[in-house]
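Input: a single structure, listed below in structure tokens.
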Number of protein chains: 4
Amino acid sequence: MPLTDKSQPKRQKEIMDAAAFVFAHKGFHGASTKDIADRLGIKQAGIYYYFKSKEVALSEVCRVGVEEFHDRARDIAASDISAAAKITATIAAHMTPIHEMPDYVEVFHNERRYLSGDARKPVTALALQYEKTLEDMFREGVADKTFRADLDCRLATLALLGLCNSVLQWYRGENISQINEIARKYAEIVVGGVRQP
Amino acid sequence: MPLTDKSQPKRQKEIMDAAAFVFAHKGFHGASTKDIADRLGIKQAGIYYYFKSKEVALSEVCRVGVEEFHDRARDIAASDISAAAKITATIAAHMTPIHEMPDYVEVFHNERRYLSGDARKPVTALALQYEKTLEDMFREGVADKTFRADLDCRLATLALLGLCNSVLQWYRGENISQINEIARKYAEIVVGGVRQP
Amino acid sequence: MPLTDKSQPKRQKEIMDAAAFVFAHKGFHGASTKDIADRLGIKQAGIYYYFKSKEVALSEVCRVGVEEFHDRARDIAASDISAAAKITATIAAHMTPIHEMPDYVEVFHNERRYLSGDARKPVTALALQYEKTLEDMFREGVADKTFRADLDCRLATLALLGLCNSVLQWYRGENISQINEIARKYAEIVVGGVRQP
Amino acid sequence: MPLTDKSQPKRQKEIMDAAAFVFAHKGFHGASTKDIADRLGIKQAGIYYYFKSKEVALSEVCRVGVEEFHDRARDIAASDISAAAKITATIAAHMTPIHEMPDYVEVFHNERRYLSGDARKPVTALALQYEKTLEDMFREGVADKTFRADLDCRLATLALLGLCNSVLQWYRGENISQINEIARKYAEIVVGGVRQP
DNA sequence: AATGAATGAGTGTTCATTCAT
DNA sequence: TATGAATGAACACTCATTCAT
């Protein structure tokens, strides 16, 4: 049993983490493969043992960054709670990847547009499914009269997503309770508004 | 004042527009000075007649992109209307630059982080003032009991900004009434929530 | 009138000559763009002002290398002399580019195979036309009974070409009479054979 | 002697064949050690078990490619037949390696120039001996008046070699009778010329 | 108001080679 | 008899920038 386990899956994750970090902090085009290698303590050429190209590295990071959201929302949508509760739960669920793997999420948001058409397609598909799942929650709430009858569900979805994703731009929290608190307050605003009821 | 003023100010704006367009569509690091020159129909070296460096071009675009917001919000804050009306008006005002000069705004949002410290400072300062003006509106609303007493004004500000800015990611509207409609619906959600009152 | 005329067409030819020289002596894949630049006394990046890519440089050199042959043979074929005289004249004509621009010819022969399909096509087309013109000379000689009735004209063409091109591998002559002498002797062998008549 | 000898000699030949194939098709500098490894179904690093370096592989392939010619010509030169018959026999003999191991021969012709001085020397020595053996045949023919008295034997040798080697550039025959037919026709041209006697 | 010609630094990528296993 | 992991050197090519004109 060696002291440092350098077996494949773990090492692969280290490489991905380094790529995600560098892409998130410098942008895809502002980041060099040397930046990634430096973070790993290997030489630049060494990363080509793990990734066929810089762009493939980007697409992998993006894929990981979006998968989390989709999986969580689907479970919530299938659960047996009220529409308002689903929205609240989804906001909370949305915060988890932002807290746990902010680099991947940031790269998915800001850098996926630099993927060439073929590499961008599967990533975009997952993102669209997530949007659709959310929109259906709003429709459900309108249908059972929990939400206002005149609510523009498409716009509400986009609003919710914009709201939640903007957290990425300033949140650098360290313990999970902070992000849960944010999620709670955001849910209050979206569901009940800021006005005195 | 000649009828067709082809002198510096007009040409200068064309250069800025080209830079804003290219930075917005390809990102600062993904854009080359040749891309800008191509859009202007001149050769690469020609743009150095107008800008000392690529980074200076970026900082100019960013400055223009943020100034609009700040100016409009200050006027609204000074006006003699209710806090809720101010928020509603600010949302509408926020949409105008997004509609009229989306490239500048997008560059300010996504690319200002690539400015070196010194060039970023004045731009960031304006952005912070804008945030502060907004936050004060929420505080005013809490003080006069229009808004919930337990409202986290800092978070509400960030939420509002995230919400409004996210419009940039999908809005490609052509007439002004579309964006006004969006502003109205967003204001309803923020002020009153999605729930059936 | 400047002392050193650096005007475009002349400079372009200097670049081509350098590329031809380097490709001929080191092979396309063995040659680096730095080798070409060094020969020109400029830095490596400088050659990209003249050529879009290393491969385009190769295709240009190949095109120039083959054009000469084709043009000369066509004129001889159209002239009003006997078939045997045409063959003799063609052999002499074939030697001229080998003497005057051996680098281009060598690159055409040895390196054109490294051109990608699209770039290779026009070059190959010219080469095939040259072959056809030659073959027709042999057919003419068989038709008018100058040449043996059982002569395999296709094979004779390939033989003649192989014979003439092989000169490239050892000839490094300096004055034109040497190559003319070689041409004369080769013509004797092809037309009359080595045997005592 | 085991029936199926899977030990070194056979495997070594497979490796050489793979190297010869790849060098012949892509050129020495255009070929990578990975290309060779792929053809063998092993990983890149694996070929270093068989060859100390890529260049050693090239020199081996070249040596095998030239040995054949030399051995065959020596036997013919020593035989008790006329000079014309020797030339005819040598042309036929020259075709055999071209038919049976074209990759090796092609590599010897086109790529041996990329060998460094020390590695090229033994290969060149064999080639020169072959040339000398051929030239002596022509001299013999001139001496016994079979061939024209004014024949330039050095040039005739070079011509013959150029003629025969050019077959490599287009011949991709499958049965031995084809190449024998070519050899016969070439011998006719060289010995008797193309003219009607 | 712009261009032609170049440069120096850097970028992504390939490749021959090594070495422990 | 090979492979996994890496390295160092090279490579084609891009790019921001300069400067004489």
Side-chain angles (χ1 to χ4, degrees), chain A residues 2 6-8 11-12 15 28-37 40-58, chain B residues 6-8 11-12 15 28-37 40-58, chain C residues 2 6-8 11-12 15 28-37 40-57, chain D residues 6-8 11-12 15 28-37 40-57:
Chain A
K6 287 255 179 189
S7 69
Q8 284 140 319
R11 187 67 173 148
Q12 270 291 355
I15 311 292
F28 179 66
H29 283 120
S32 74
T33 53
K34 181 172 187 305
D35 293 331
I36 301 176
L40 290 162
I42 63 175
K43 301 288 159 153
Q44 192 200 10
I47 72 160
Y48 283 86
Y49 188 79
Y50 299 98
F51 283 121
K52 220 190 68 186
S53 74
K54 195 187 170 192
E55 203 194 4
V56 167
L58 174 60
Chain B
K6 285 256 176 194
S7 66
Q8 285 125 321
R11 186 64 173 149
Q12 194 75 22
I15 311 294
F28 178 68
H29 283 120
S32 75
T33 54
K34 182 171 189 304
D35 292 330
I36 301 175
L40 291 162
I42 63 176
K43 299 287 152 125
Q44 202 178 357
I47 71 161
Y48 283 86
Y49 185 79
Y50 299 100
F51 284 119
K52 219 190 67 189
S53 75
K54 195 187 170 193
E55 202 193 7
V56 167
L58 175 60
Chain C
K6 288 254 176 189
S7 68
Q8 285 138 319
R11 187 70 173 142
Q12 270 291 353
I15 312 290
F28 178 67
H29 283 120
S32 74
T33 53
K34 181 171 188 304
D35 292 331
I36 301 175
L40 291 162
I42 62 175
K43 302 288 161 159
Q44 190 203 11
I47 71 161
Y48 284 86
Y49 187 79
Y50 298 98
F51 283 120
K52 222 191 65 186
S53 73
K54 195 187 169 192
E55 203 194 4
V56 167
Chain D
K6 283 256 177 194
S7 66
Q8 286 124 320
R11 186 65 174 150
Q12 194 76 21
I15 310 293
F28 177 66
H29 283 120
S32 74
T33 53
K34 182 171 188 305
D35 292 330
I36 302 175
L40 291 162
I42 63 176
K43 300 285 153 128
Q44 203 177 357
I47 71 162
Y48 283 84
Y49 185 79
Y50 298 99
F51 283 119
K52 217 190 69 190
S53 75
K54 195 186 170 194
E55 202 193 6
V56 167

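Proteins get letters first, then strands, A, B, ... in listed order; numbering begins at 1 in each.
Looking at C:Ile15, C:Ile36, C:Val56 one by one, the single match for side-chain contact (heavy atoms from CB on, under 4.5 Å) with C:Tyr50 turns out to be C:Ile15.
Atom pair C:Lys34:NZ and E:dA9:C1' shows a separation of 15 Å (rounding to whole Å applied). Protein atom OH of A:Tyr50 is 19 Å distant from nucleotide atom P of E:dG12, rounded to whole Å. A straight line from CD1 of C:Ile47 to C1' of E:dG8 spans 16 Å, rounded to a whole angstrom. Between C:Lys54 atom NZ and F:dA10 atom P the separation is 15 Å, expressed in whole Å. Rounded to whole Å, the distance from CD on A:Gln44 to C1' on F:dG8 is 11 Å. Remark: P of F:dT17 and OH of B:Tyr48 are 4 Å apart, rounded to the nearest angstrom. Rounded to whole angstrom, the span from the CZ atom of D:Phe51 across to the P atom of E:dT18 amounts to 15 Å. Between the CD1 atom of A:Ile42 and the C1' atom of F:dA5 there is a distance of 9 Å, rounded to whole Å.
Regarding contacts with the backbone of E:dA2, every side-chain N or O of B:Lys43 stays at 4.0 angstrom or more from both OP1 and OP2.
Heavy atoms of D:Ala31 sit under 4.0 angstrom from primed sugar atoms or phosphate atoms, though from no base atom.
The nearest heavy atom of DNA chain F to B:Ser32 and to A:Tyr49 marks one nucleotide each, and the one closer to the 5' end goes with A:Tyr49.
Picking from F:dT17, E:dC15, E:dT18 the nucleotide with the shortest atom distance to the side chain of D:Ala45 gives E:dT18.
Stem regions annotated for DNA chain F: E:2-21 with F:2-21, counting only runs of 3 or more consecutive pairs of Watson-Crick or G-U type with both contacts under 3.5 Å.
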